[in-house]
Amino acid sequence: MASMRTAGRMFCAAAQAAATPAPSGRWERLRRSKAGVWCGSLLSDYKEAFREMVVSAWERPLKSSVYLSLLGGGYVCFHTKPDQSSFEAALLERSNQLGLLSPWIRNGISDGHIQSLVKLRNEGRLRYASLGLLSVVYRADYDPDATLYEARCSNLSVPWRELPQRVLDVGFTGCWWTLDSKMKDYDINNDEYKHLPGHLQATAPPSPQQVERNERLHRDSWLPLTMEDKEEERKPVDKMENVSEQSQIKL
């Protein structure tokens with residue numbers, strides 16, 4: 001009886017093996033494995049999602065354009081955000097620009113901002129943080145290599161809610177905006193004009209007529225003098241002298 005059951009099982013297994021064709025090669029065995037089936041289903045899902053995305057973009061072009069613009073803008077902002085080395089290079093360049101000027105003509109706001117940044121950098125208190133689409137530079141209380149208890153104790157560290165108050169500059173699209181704004185008119189010392197009246201402190205750009213008039217006067221200043229004009233000026237003077245001489249003779 002047991003031998004008959006064993007023979008029956010062998011017969012069923014042989015029939016099942018005959019019904020299922022054996023894999024023809026390594027690629028076929030890999031495709032029918034668990035990992036192959038999982039990868040195939042994953043690719044099928046991605047294919048279906050991509051097809052639905054294309055159909056949705058075709059049906060709603062305006063919405064798709066807005067999404068593509070946002071994605072493209074985010075990609076550009078992420079790859080053009082400045083790093084810490086660019087901030088140090090920009091700070092060194094601005095410091096050199098101010099160093100070429102006399103202290104009497106430097107802008108007080110620009111000079112004070114650059115001097116404070118240079119001091120923090122020399123003390124090792126400048127910190128750089130990347131926030132994805134932009135970068136920030138903020139000040140810390142201690143140098144990272146300091147071994148003081150206040151600098152190492154985590155309970156005495158500065159909380160994150162105070163970070164906006166410590167931010168010194170924001171880097172976005174390849175520029176450090178605070179540094180550029182502080183360096184505007186860095187070669188104009190406004191303290192020199194604070195004693196002048198109000199109408200002299202405020203200046204306005206000249207009008208096109210004034211610019212044209214100034215250019216014309218500048219061109220005329222380079223023209224050579226002609227003797228004819230001097231002779232014409234002398235003729236009335238000579239006539240007056242002759243009239244005065246004749247009147248004296250009659251008298």
Side-chain angles (χ1 to χ4, degrees), residues 46 49-50 53-54 56-57 60-146 151 154 157-193 202-206 208 211:
Y46 274 110
F50 182 75
M53 183 178 63
V54 172
S56 177
R60 299 178 179 179
L62 182 60
K63 184 178 180 180
S64 303
S65 301
V66 172
Y67 285 164
L68 288 177
S69 300
L70 292 176
L71 290 175
Y75 178 82
V76 171
C77 293
F78 178 78
H79 283 275
T80 58
K81 64 177 179 180
D83 53 2
Q84 185 176 3
S85 60
S86 67
F87 178 78
E88 293 182 356
L91 178 61
L92 181 61
E93 182 182 358
R94 303 299 191 277
S95 178
N96 291 336
Q97 289 178 355
L98 289 173
L100 296 175
L101 300 177
S102 172
W104 301 104
I105 62 176
R106 295 177 189 172
N107 191 302
I109 298 176
S110 302
D111 191 30
H113 183 70
I114 296 299
Q115 293 296 335
S116 63
L117 290 178
V118 171
K119 181 180 178 181
L120 291 174
R121 178 183 177 276
N122 295 335
E123 294 176 354
R125 295 170 55 192
L126 282 181
R127 297 290 188 275
Y128 170 84
S130 176
L131 302 181
L133 300 182
L134 52 89
S135 306
V136 295
V137 173
Y138 62 97
R139 60 179 176 85
D141 293 333
Y142 302 98
D143 188 273
D145 297 332
S154 59
S157 60
V158 179
W160 283 98
R161 64 175 178 270
E162 295 185 7
L163 181 61
Q165 303 174 2
R166 293 173 173 265
V167 171
L168 299 174
D169 210 330
V170 177
F172 185 69
T173 62
C175 299
W176 293 101
W177 294 90
T178 305
L179 189 61
D180 293 342
S181 63
K182 294 292 184 180
M183 286 297 294
K184 185 179 180 181
D185 297 333
Y186 68 94
D187 55 347
I188 299 176
N189 188 6
N190 296 323
D191 295 337
E192 294 182 348
Y193 311 106
T203 59
V211 173

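Since the structure is predicted, the reported quantities are computational estimates derived from the model, not experimental observations.
Within the 4.5 Å cutoff, no side-chain heavy atoms of L168 are placed close to those of V136. Side-chain contact between M183 and Q97: present, with at least one pair of heavy atoms (C-beta onward) separated by less than 4.5 Å. In this structure, R139 and R127 have side chains that are not in contact, with every pair of non-hydrogen atoms separated by 4.5 Å or more. Looking only at side-chain heavy atoms (C-beta outward), L179 and H113 come within less than 4.5 Å of each other.
Residues S110 and L98 share a closest heavy-atom pair of O-CD1, 3.9 Å. The minimum heavy-atom distance between V167 and V170, with the atom names listed, is CG1-CG2, 4.2 Å. Minimum interatomic distance between Y128 and W176 (heavy atoms only, all atoms of both residues): CE1-CH2, 4.0 Å. Across every non-hydrogen atom of G124 and P144, the tightest pair is O-CD, 3.3 Å.
Atom CG of N96 is separated from atom CG of L91 by 9.5 Å, given to the nearest 0.5 angstrom.
Within 6.0 Å of CG in L62 there are 12 or fewer heavy atoms belonging to other residues, nucleotides or ligands. More than 12 non-hydrogen atoms from other residues, nucleotides or ligands lie less than 6.0 angstrom from CG of L134.
For the residue pair K81 / T173, no side-chain donor-acceptor distance below 3.5 Å is found, with atom types taken as modelled.
Ion pairing between R166 and D141 holds under the 4.0 Å rule for side-chain N and carboxylate O.
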